[in-house]
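First comes the structure, then the notes that go with it.
Values below: every heavy atom of this structure, side chains too, minus hydrogens, waters and symmetry copies.
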Amino acid sequence: MILLTIMDQAKKPAKFCILYEKYKYLLQKVAMDILHDSYLAEDAVQNAFIKIADNMEKVGEIESRQTKSYIIAITKNAAIDIWRKRNRQKESEFRANDAEGDKMSVVYMETDMENEVLDVIKNLPEKYRDIFFMKYSVGMENSEIA
């Protein structure tokens with residue numbers, strides 16, 4: 001299914017199909033060497049072929065060393081991107097687990113800092129929690145809270 005979508009995007013579908021059939025297993029191995037996970041390696045190869053389809057004008061002769069080097073470089077970069085993304089996710093989970101170990105329930109959300117702060121406030125003793133909610137959730141001034 002993905003291949004059909006990519007072929008529609010490719011400027012030279014016949015050349016793209018030949019390229020795909022010739023190099024898909026090599027690129028799978030390249031990605032597998034980096035990611036050590038067959039499913040992630042498949043994702044990396046698919047991402048690489050999407051980039052290749054978008055840049056078919058840069059692909060020369062299918063059998064040339066330059067073409068082989070070019071598509072291997074694209075695949076390595078796609079695999080490294082996936083590897084980096086997974087490591088960032090693992091770091092986020094690790095930070096959340098560390099906070100739970102300190103008897104604090106913290107939800108680490110990179111994109112929504114406000115939710116993280118609210119979760120920390122929820123775990124405060126009631127007398128402090130109410131003050132923080134009034135200050136930061138409702139937006140009351142210190143004099144109003146007093």
Distance-minimising heavy-atom pair for Ala41 and Met32: CB-N, 3.7 Å
Spacing of CD belonging to Glu63 relative to CD1 belonging to Ile18, to within rounding of 0.5 Å: 9.5 Å
Pair listing, salt bridge (charged side-chain N to carboxylate O under 4.0 Å, His left out) test, anchored in residues 36-45, at least two apart: none
Trp83 CH2 to Lys76 NZ distance, which is reported to the nearest 0.5 Å: 15.0 Å
Under the side chain to side chain contact (heavy atoms under 4.5 Å, CB included) test, residues paired with Arg65 that sit two or more places apart: none
In one Ile/Leu/Val/Met/Phe/Trp/Tyr side-chain cluster, 4.5 Å: Ile80, Ile71: no
With sequence neighbours excluded, residues passing side chain to side chain contact (heavy atoms under 4.5 Å, CB included) with Ala79: Ala31, Ile34, Leu35, Ala44
Heavy-atom pair of closest approach, residues Phe16 and Phe49: CE1-O, 3.6 Å
Pairwise distance SG(Cys17) to NZ(Lys22) - rounded to 0.5 angstrom: 15.0 Å
Considering all heavy atoms, the nearest Val59-Tyr70 contact: CG2-CE2, 4.0 Å
For Ser64, all residues meeting side chain to side chain donor-acceptor pair (under 3.5 Å), sequence neighbours excluded: Thr67
Partner residues of Lys58 under the side chain to side chain donor-acceptor pair (under 3.5 Å) criterion, sequence neighbours left out: none
Over 12 non-hydrogen atoms of neighbours within 6.0 angstrom of NZ in Lys24: yes
Atom of Asn55, atom of Lys51 and distance for their closest heavy-atom approach: ND2-O, 2.9 Å
Note: Lys85-Asp81 ion pair, threshold 4.0 Å (strictly below): no
Rounded distance (nearest 0.5 Å) linking atom CD1 of Ile74 with atom CG of Asp54: 9.5 Å
Any residue meeting side chain to side chain donor-acceptor pair (under 3.5 Å) with Lys68, in chain and number order, not counting sequence neighbours: none
Least distance between heavy atoms, Leu27 atom then Thr75 atom: CD2-OG1, 3.3 Å
Ile82 CD1 to Asn77 CG distance, which is reported to the nearest 0.5 Å: 11.5 Å
